[in-house]
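Computed from a predicted model, the values in this text were never measured in an experiment.
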Amino acid sequence: MQASNRQITSPQARGRELARQGRSLWQEIGTVQGAAAELMSRFRDLPAIQAFRYAAGLSQEQAATRYNEVTDHQTSLGSTTINAWESWARSRGIGSPPPFSSLLILALAYGRGPLGIGEERLAPSDLIADVYERLPPEDQIALKLYTAHQRESQAAPLASAPPSQQTGETVASGQTPALIGPDFDLIVPTVEYGNPQIHPFTLPNPQPGQLLDLPWEVFGHGIERLGRQIKNLGRRLEADICFGINEAGLVMATFLSSAQFGRCPIGYLKCVKSRDGITLDDASSYPAAPEMPTIVVCDFEVKHADVVGFIARDLRTRYPRASLYFAVFGAMTKDTDLKVDSFDDLTGAKIMRAADFEAVFIAATMSPPGIEPPLELR
């Protein structure tokens with residue numbers, strides 16, 4: 001039997017194995033962020049703060065040492081404190097939450113990677129994204145303000161980007177792709193005690209009245225944005241099936257299933273529109289699911305047509321008592337201002353509310369007549 005399949009009988013042995021896997025994933029993927037995401041997809045019981053430690057290849061004692069190194073040994077943190085923070089993230093009623101200041105230091109410490117010399121910039125909020133709502137209110141506010149400040153700081157240099165980066169040409173890795181407008185905060189329907197605030201971006205159309213063609217880097221940026229919103233829901237979202245509506249939605253579902261949901265089964269919903277309404281083609285695929293499944297539905301855009309309502313009714317018929325979540329790339333706005341003040345300023349707001357989703361995730365806002373995915377995926 002291979003080592004990865006052995007029954008690990010003690011927390012210490014499991015910790016050593018996960019740290020080994022974290023180092024291996026870091027070498028394979030190249031980032032602590034990516035390694036942590038893969039660990040969480042493999043081990044559903046692993047909280048984010050612990051996954052990042054393992055992605056940095058550290059034991060609790062080594063993590064405490066790294067923490068003190070980051071502060072130039074002005075602190076004397078011990079492994080028991082690291083354990084208390086991770087215990088709190090794993091289960092209610094035990095351990096203690098990490099304060100905002102310690103999350104900043106941990107992000108720097110884990111960003112150094114297994115070799116201790118890396119300079120990866122990790123977001124402190126990512127370390128507790130799955131348990132964010134359990135932080136004290138003061139730390140929640142501090143994290144929000146810090147994250148907003150970081151986004152503004154990163155966006156400032158892009159405001160003066162050369163014209164070549166504002167007309168659709170490919171931009172260097174790590175920069176915001178061309179065609180993407182300003183970000184903004186939006187309150188959306190979400191689960192009880194969940195985080196209702198998402199951070200979509202705008203898609204200004206330089207040629208009003210024509211479809212806005214999206215290059216691959218913008219499409220990928222939107223899927224990454226949806227993944228971050230899902231991660232910051234306030235609790236871990238574990239999907240049993242990830243459905244894609246038509247081909248563009250199927251691409252979204254494939255990436256999100258792999259990156260966020262531990263490669264859960266992928267469903268396909270091929271919609272056929274006619275004068276009489278909407279039907280589903282026989283090519284649609286419905287994976288098997290447990291009772292009362294959690295289902296994430298992915299669609300490329302929401303306009304006026306009640307496609308998502310039709311889909312929600314169909315899925316609830318096929319999967320009784322299912323919990324449905326909705327992830328959409330582009331949501332059309334009622335007015336020309338893409339930075340809407342309210343969810344109800346979106347054209348499809350009533351449609352999405354009527355579908356009674358557990359939570360809604362939106363990557364971007366757009367203006368009429370809409371957006372076109374790469375390779376004209378339908």
Which pairs would a plain distance check flag for residues 344-361, meaning a side-chain donor or acceptor within less than 3.5 Å of a matching protein atom at least two apart in sequence or in another chain?
residue : atom : partner : partner atom : Å
D344    : OD1  : R353    : NE           : 2.9
D344    : OD1  : R353    : NH2          : 3.4
D344    : OD2  : R353    : NH2          : 3.4
D345    : OD2  : D341    : N            : 3.4
D345    : OD2  : S342    : N            : 3.1
T347    : OG1  : M332    : O            : 3.3
T347    : OG1  : T333    : O            : 3.3

Please list, one pair per line, the donor and acceptor atoms closer than 3.5 Å that link side chains of residues 32-53 to other protein atoms, with sequence neighbours excluded.
residue : atom : partner : partner atom : Å
Q33     : NE2  : D126    : OD2          : 3.2
E38     : OE2  : R42     : NE           : 3.0
S41     : OG   : E38     : O            : 2.7
R42     : NH1  : Q21     : OE1          : 3.1
R44     : NH2  : F261    : O            : 2.8
D45     : OD1  : R14     : NH2          : 3.1
D45     : OD2  : R14     : NH2          : 3.3
Q50     : OE1  : R90     : NH1          : 3.1
Q50     : NE2  : Y54     : OH           : 3.1
R53     : NE   : E86     : OE2          : 2.6
R53     : NH1  : L58     : O            : 2.9
R53     : NH2  : E86     : OE1          : 2.9

Identify each donor-acceptor pair in which a side-chain atom of residues 285-298 lies under 3.5 Å from a protein atom, sequence neighbours left out, and give them as a table.
residue : atom : partner : partner atom : Å
Y286    : OH   : D314    : OD2          : 3.0
Y286    : OH   : R318    : NE           : 3.3

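Contacts of S91 classified as side-chain contact (heavy atoms from CB on, under 4.5 Å), with partners at least two apart in sequence or in another chain: I94. Taking E28 as the reference, L25 meet the side-chain contact (heavy atoms from CB on, under 4.5 Å) condition, with sequence neighbours excluded. Considering only residues two or more places apart in sequence or on other chains, R321 meets the salt bridge (charged side-chain N to carboxylate O under 4.0 Å, His left out) condition with none of them. Residues that satisfy the salt bridge (charged side-chain N to carboxylate O under 4.0 Å, His left out) test with R236, not counting sequence neighbours, are D130. Take K144 and apply the salt bridge (charged side-chain N to carboxylate O under 4.0 Å, His left out) test, not counting sequence neighbours, and it matches no residue. Considering only residues two or more places apart in sequence or on other chains, S96 meets the side-chain contact (heavy atoms from CB on, under 4.5 Å) condition with A84, W85.
Think of L250 as one node in a network of Ile, Leu, Val, Met, Phe, Trp and Tyr side chains linked at under 4.5 Å; its network also takes in I266, Y268. Under a 4.5 Å side-chain heavy-atom criterion applied to ILVMFWY residues, the cluster that includes L338 comprises that residue alone. Within the hydrophobic cluster formed by Ile, Leu, Val, Met, Phe, Trp and Tyr side chains joined at under 4.5 Å, directly or through other members, Y193 stands alone, with no partner residue.
A 4.5 Å side-chain heavy-atom check between F243 and L324 finds every atom pair outside the cut-off. Side-chain contact check for K231 versus Q260: some heavy-atom pair is nearer than 4.5 Å.
We find the CG-CG distance between L203 and L214 to be 6.0 Å, quoted to the nearest 0.5 Å.
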